[in-house]
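From a predicted model like this one, the values you see are computed outputs, not experimental measurements. Quick note on labels: first sequence line is chain A, next is B, and so on, each numbered from 1.
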Number of protein chains: 2
Amino acid sequence: MSKEKDFYTQEDKMYVATDCVIFGFDEGNLKLLIFKRRVKPLVGAWSLIGSFVRIDEDVQDAAKRVLKEITGLEGVFMEELKSYGKTDRDPGYRCISIAQYALIRIGEYDKELVKRHGADWYDIDEVPELVLDHNQMVKDALDRIKRKARYKPIGFELLPEKFTIPQLQRLYEAVYRKELDSRNFRKKVLSLNVLIKLNEKDKTTSRRGAFLYKFDYKNYHKLLEEGFNFEI
Amino acid sequence: MSKEKDFYTQEDKMYVATDCVIFGFDEGNLKLLIFKRRVKPLVGAWSLIGSFVRIDEDVQDAAKRVLKEITGLEGVFMEELKSYGKTDRDPGYRCISIAQYALIRIGEYDKELVKRHGADWYDIDEVPELVLDHNQMVKDALDRIKRKARYKPIGFELLPEKFTIPQLQRLYEAVYRKELDSRNFRKKVLSLNVLIKLNEKDKTTSRRGAFLYKFDYKNYHKLLEEGFNFEI
DNA sequence: ACAAAAGTGTTCAGATTACACCCATGG
DNA sequence: CCATGGGTGTAATCTGAACACTTTTGT
């Protein structure tokens, strides 16, 4: 930055942070990754995972950086939620935060790293009180994925690469918070033509076993361009 | 702020701006309000209307402030679009911008004020090159209202208080960029039960005249709570 | 043989689409 | 009297919702 002229010296500067609402899905429940603060202010309080944005760092990159620092993951689905810009949101100093939400495969993160950072998964119904406006961020992120699930096949980011249709249904049930009819669900989801049936079964949840599928990203992108509707 | 302790002094501060993508609708065309910069840097270039966020000002309030400064309008529909946070987006200095989009009634703004600020309306298809990433903001805002029109009756913010159904249809056609069948459009829009038919006609576009309607905000909010679908 | 989850089809109601003519009026 | 935009109905199709039984297999 130093090579550029600063035309704006009479204006106010402030801190810019980014906070990540990190969702996972496990055993039928939607989960949230939060951690216990070890630095001032608010030591010991539960918080979303976030960081200040550095002056030589894109906001998106800052979000990717913290996600990687805590979970070891890269290249996962992450999207901006909205900004939180009230003057009084942080008692420390004027700081605005650009919240993001991420969907990760709960089997794939680096458990050692997560533990070392004092982070832990909470069932979405049992999230404790978080610092600042972080509970509001979680609420807004939940509303967002509920809506988003209507037109993007959001679930596949949260499931392992190979998954069964009953698993996918349980995920949608967790997001929508209501039970779905398995016949209609299966019919709808298969009609989208974005699932590839494999010759393997998952036998962990039933004696009979359920066929595994994987997501057909190629077909999916083709359909997106045609303006497809993924409503379940 | 000064009464609070600043815990974060080792972190980077930056400028935070907000830019408004201001839409209007006139004679069948969606329009954009932009203005010609009179200050350094980039004097004379076309730009969205924006401002730095002051340290004692909410981001939303900053957006409202600039909208009022330029158009004289208050209380119009305005919503956050997204943040633009790349390090190199502003050559002046590190500055992130929270873009907003607003929908205003093109007959109601303060024309004197707009002229005095060097602002002008451009047809959405004829927007000139704008400074920084402002063309991208416009594109993103257009995509947003296209999607938003599917589940919120967005059009009413852009039309005068009293409007005709053909007017409303032309607005939707401008947003979707395709022609709609007038019988189906009328059927659908009336079935939503959010229009109040008035005993007046608008005769400016036909000899016969078209009945004027107004939007039934009360009924609309009731329907929203029930989770209504406004797809046209 | 039985418990427990996986898998499968049909019917009905409501919504969406396509489509063509008469109406009212000012000039 | 005619040109112009406003206003109306119906049939065909598609989509979403409701609903119950058979299959598989480990124990």
Trainee: Below 6.0 angstrom between ring centroids: does that apply to A/Trp121 and A/Tyr109?
Mentor: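 Under 6.0 Å, so yes.
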Trainee: Between A/Arg183 and B/Gly209, name the one whose nearest nucleotide on DNA chain D is closer to the 5' end.
Mentor: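 Result: B/Gly209.
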Trainee: So, is B/Lys188 close to the C/dT16 phosphate, meaning a side-chain N or O under 4.0 Å from OP1 or OP2?
Mentor: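 Looking at the OP1 and OP2 atoms of C/dT16, one of them is under 4.0 Å from a side-chain N or O of B/Lys188.
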Trainee: Evaluate A/Gln100 against A/Gln60 for side-chain hydrogen bond (donor to acceptor under 3.5 Å, both in side chains), listing each step before the verdict.
Mentor: CA-CA 9 Å; A/Gln100 322 271 336; A/Gln60 279 302 322; 3.2 Å; yes
Trainee: Measure the distance from CG on A/Leu190 to C1' on C/dA6 and round it to the nearest whole Å.
Mentor: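 Going from CG in A/Leu190 over to C1' in C/dA6 covers 13 Å.
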Trainee: Rounded off to whole Å, could you give me the CG-to-P distance for the A/Leu180 and C/dA5 pair?
Mentor: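 The answer, rounded to whole Å, is 18 Å.
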Trainee: Heavy atoms of chain B, cut-off under 4.0 Å: which first and last nucleotide of DNA chain D, 5' to 3', fall inside that, if you could look?
Mentor: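 Range of nucleotides within reach of chain B: D/dA3 to D/dT10.
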Trainee: Looking just at side-chain N and O atoms, do A/Thr164 and A/Asp202 make a donor-acceptor pair shorter than 3.5 Å?
Mentor: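 No, no side-chain donor-acceptor contact under 3.5 Å.
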Trainee: State plainly whether the residues A/Glu74 and A/Lys68 are in salt-bridge range, i.e. N to O under 4.0 Å.
Mentor: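 Salt bridge present between A/Glu74 and A/Lys68.
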Trainee: Nearest whole angstrom, please: distance from the C1' of C/dA6 to the CD of A/Glu200.
Mentor: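 Going from A/Glu200 (CD) to C/dA6 (C1'), I get 17 Å.
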Trainee: Check the distance between C/dA6's C1' and A/Leu195's CG and give it to me in whole angstrom.
Mentor: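 Taking CG of A/Leu195 and C1' of C/dA6, I get 16 Å after rounding.
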Trainee: For C/dA6, does the base pair up with any side-chain atom of A/Arg208 as donor and acceptor (N or O, under 3.5 Å, distance only)?
Mentor: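 Yes.
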Trainee: Nearest-Å distance, CG (A/Asp202) to C1' (C/dA4)?
Mentor: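 So the CG-C1' distance, A/Asp202 to C/dA4, works out to 15 Å.
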Trainee: Can you check the A/Phe211 CZ to C/dA5 P distance for me, whole Å?
Mentor: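 In whole Å, C/dA5 P and A/Phe211 CZ are 19 Å from each other.
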Trainee: Stepwise, does the ring pair (Phe, Tyr, Trp, His ring centres under 6.0 Å) test hold for A/Tyr217 with A/Phe215?
Mentor: CA-CA 6 Å; A/Tyr217 285 92; A/Phe215 188 57; 4.6 Å; yes
Trainee: Take A/Lys187 and A/Ser206, find for each the nucleotide of DNA chain C with the closest heavy atom, and name the residue whose nucleotide sits nearer the 5' end.
Mentor: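 Nearer the 5' end of the strand: A/Ser206.
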Trainee: Is any side-chain N of the basic residue among A/Lys218 and A/Asp216 closer than 4.0 Å to the acidic one's carboxylate O?
Mentor: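 Here A/Lys218 does not pair with A/Asp216 in a salt bridge, since their nearest N and O are not under 4.0 Å apart.
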Trainee: Suppose we call two aromatic rings close when their centres sit under 6.0 Å apart. Are A/Phe77 and A/Phe156 close by that rule?
Mentor: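 No.
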Trainee: B/Thr164 or A/Asp181: which one's nearest nucleotide on DNA chain D is closer to the 5' end?
Mentor: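 Nearest nucleotide further toward 5': that of B/Thr164.
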Trainee: Atom CG of A/Asn184 and atom P of C/dC12: how far apart are they, to the nearest Å?
Mentor: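 Value for this atom pair: 16 Å.
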Trainee: Determine the contact category for A/Lys203: base if any of its heavy atoms lies under 4.0 Å from a base atom, sugar-phosphate if only primed atoms, P, OP1 or OP2 are that close, otherwise nothing.
Mentor: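 Touches sugar-phosphate only.
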Trainee: Between atom CZ in A/Arg170 and atom C1' in C/dA4, what is the gap in whole Å?
Mentor: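 The answer, rounded to whole Å, is 12 Å.
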